[in-house]
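This report concerns only the one structure given below.
The structure presented is a predicted model; accordingly, all values stated were derived computationally and were not measured. Both counts, for ligands and for their atoms, begin at 1 and track the order of listing.
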Amino acid sequence: MNIIKGSEQVRKAARDYQNYSSDLQGDQDVRDYKQLPLEVDPPDHTALRDLLNPWFSKDSVAKFEPEFRSIAKGLINSFEHEVEVTHELALQMIVQCLGVVFGRPQDVEEWFSWGPDTWITDEDGIRHGDHLDRYLKKTFDELDENPTDDLFGVLNKAEIAGRALTRKEKYGMANLVLAGGRDTVVKLMSGSLWHLANNKEHLNKLKTQPELLPEFINEMVRFLSPLPMMHRVDVAATENKDEPVYAWLSFISANQDSSVIENPEEIRLDRGANPHLGFGYGRHSCIGMHLAQLETKIVLEEWLARFTNWEVLSDSELFFDFEEYKFIPSRFHNLHLKLNT
Ligand code: HEM
C-alpha cells in the first residue's frame, strides 16, 4: 500500500490533483455512484462544491446555534446517572442538527436508524447500502413530484455548466452530506468526553475557562484524526494498468509529525498555532468543519454546565489504532459513562 506520510508530503500530494486524482469511486461493495464533490477533480469539483458552500459556510451554520443548543440541552438534561455517549448523545445530536441545517426534520428518525456508519454491517461483517439507496430514490422521486427549498430540494433543481445534475450525482451529493459528518463527529464528541474523564486538569481548566473549548476541540480533531487516511488515484502508477493504483494521504501521520507539532502524542490546551490536517487540506478539505466544530462546542458547553465529572465504565467498547498510533482511539463502538452532577 502506497501511503504518503508527513505534513509537507501530504499537503503537496493533496494540492496535486493531476498526479493524485480524486476521480475514483470508493465503497464499491455498497454503492454504484460517486460520493460528490469528494470523488471528482476540477472543474466539476469546483461547480459541485459551490452548490453546497452556502449551506456549510461558518456564517450560515452559526445561525442555527439556538436550535443546536436546545437539542443539546434536551438530550443532556435527560441523562441522570449513566449514558452511552455514541448513540444516546452524539448520533442523536448529529442527526437532529442535520435535520435543522438541511431543512428536513421529517427524515431524522430514519437517518438515526442507520447508525453511525451509514452502511449497515451484518453479523458476517458484510456491509449493506440498500436502505440508503431506497431512501435516496424515494426522496428524489418525491422532490420531482413536490419541489421544495430544503437542501435536497435545491440539489434536485441545481445545474452545473448549464445542465441539470444526473440522478446519480444527486445521490452522491446527498449521500456524502449524510455520511461525512456521522462517525467522524461521533468520534470527536466521544473522544473529547473520554479524554476529559481521564484528565481532571483539562476538565477543571475547561470548566473555569470555557472560552478554551474551540482550541480544545481543534486539538482533539488533530489528536483523534477522525478521518485518518483518504485515497487518490496515483496517475503515474496507473498508466497502462487495468485497475487504478491508489495512493493514501495519511492525515493521521501529518497530525503526528513532530517537525510541525511539538510532542504530538500529547493533548495540549495551549498549542496556539495548530497546523493539523484533521479536516484535510486543499480543495477537498472538509466542507462540514464549521458544522462539526459548532455541534461539538455546544455539546461540550452544555455537558460541562451539567456534570461535575464522569467515569468510563468497563463495558465500554473502544478500539485503538495500530503500531505507531496505538495510543490513539480509532473507534468508539460504545462509550458508557457514569455521571456525577
Ligand atoms: C470531526 C468531524 C469531521 C472530520 C474530522 C472530517 C474530515 C474530513 C476530511 C479529512 C476530508 C477530506 C477528504 C479528502 O481530502 O479526501 C473531508 C471532506 C469532506 N467532508 Fe468532512 N469531516 C468531518 C465532518 C464533516 C461534516 C459534519 C460534514 C457534513 C455534514 C462533512 C462533509 C464533508 C464533505 C462533503 C467533504 C468533501 C469535500 C470535497 O471533496 O470538496 N464532514 N472531511
Side-chain angles (χ1 to χ4, degrees), residues 4 10-11 13-17 20-27 34-53 55-58 60-61 64 68 90-91 93-102 104 111 116 118 151-152 155 172-192 214 216-233 246-255 276-297 299-300 328 330 332:
I4 298 172
V10 173
R11 283 167 198 260
R15 275 195 299 264
D16 181 6
Y17 71 89
Y20 296 101
S21 167
S22 292
D23 185 8
L24 53 87
Q25 196 223 294
D27 302 316
K34 290 176 171 216
Q35 278 186 329
L36 295 172
L38 186 68
E39 295 178 333
V40 71
D41 291 322
D44 281 0
H45 172 263
T46 320
L48 291 167
R49 185 161 168 133
D50 283 350
L51 295 176
L52 291 180
N53 272 332
W55 301 81
F56 290 97
S57 71
K58 192 168 184 182
S60 12
V61 170
F64 297 117
F68 287 9
L91 189 58
M93 176 76 187
I94 291 160
V95 290
Q96 290 189 43
C97 290
L98 290 184
V100 172
V101 176
F102 298 176
R104 298 190 65 87
W111 298 340
T118 324
L151 173 57
F152 296 164
L155 290 180
M173 301 276 276
N175 172 307
L176 183 58
V177 293
L178 286 167
R182 291 166 86 90
D183 58 335
T184 47
V185 184
V186 167
K187 209 193 283 187
L188 178 59
M189 290 178 182
S190 309
S192 299
F216 169 65
I217 292 165
N218 204 26
E219 175 69 344
M220 290 310 295
V221 171
R222 178 194 71 79
F223 178 80
L224 294 164
S225 300
L227 195 56
M229 294 207 287
M230 286 296 284
H231 60 334
R232 300 287 190 267
V233 176
Y246 296 116
W248 291 83
L249 307 187
S250 172
F251 300 124
I252 194 169
S253 75
N255 294 345
H276 70 76
L277 303 188
F279 287 117
Y281 183 75
R283 52 174 48 80
H284 288 282
S285 66
C286 182
I287 206 170
M289 65 179 279
H290 303 298
L291 174 58
Q293 286 166 331
L294 186 63
E295 289 168 338
T296 309
K297 180 170 93 76
V299 158
L300 293 180
I328 303 175
S330 58
F332 292 85

Checklist outcome for this item: The protein heavy atom nearest to atom 12 (C) of ligand 1 is H284 O, 3.3 Å

Next on the checklist: Checking the side chain of R222 only, and the main-chain atoms of N255 only, is there a donor and an acceptor separated by less than 3.5 Å?
Outcome noted: yes

Item to check | F56 to ligand 1, any heavy atom closer than 4.0 Å | outcome: yes

Item to check | Atoms in ligand 1 with a heavy atom of V177 nearer than 4.0 Å | outcome: 30 (C)

Checklist entry - Is there a donor-acceptor pair closer than 3.5 Å between any side-chain N or O of R49 and the backbone N or O of R283? => result yes

Checklist outcome for this item: for atom 14 (C) of ligand 1, nearest protein heavy atom and its distance come out as R232 NH2, 3.5 Å

Item to check | 4.5 Å side-chain heavy-atom contact, F68 and M93 | outcome: yes

Checklist outcome for this item: By salt bridge (charged side-chain N to carboxylate O under 4.0 Å, His left out), E295 pairs with (sequence neighbours left out) none

Checklist outcome for this item: So side-chain hydrogen bond (donor to acceptor under 3.5 Å, both in side chains) across residues 180-190, not counting sequence neighbours, yields none

Checklist entry - Could a heavy atom of E39 be found less than 4.0 Å from some atom of ligand 1? => result no

Item to check | Which residues share a side chain to side chain donor-acceptor pair (under 3.5 Å) with T46, sequence neighbours left out | outcome: none

Next on the checklist: Taking the basic N atoms (NZ, or NE/NH1/NH2) and the acidic carboxylate oxygens, is any pair closer than 4.0 Å for D23 and K34?
Outcome noted: yes

Checklist outcome for this item: Atoms listed for atom 21 (Fe) of ligand 1 (protein only, N, O or S, under 2.8 Å, no waters) are C286 SG

Item to check | Distance from atom 5 (C) of ligand 1 to nearest protein heavy atom, with residue and atom | outcome: G278 O, 3.5 Å

Checklist outcome for this item: What one should report as the nearest heavy-atom pair of P37 and L48 is CB-CB, 4.0 Å

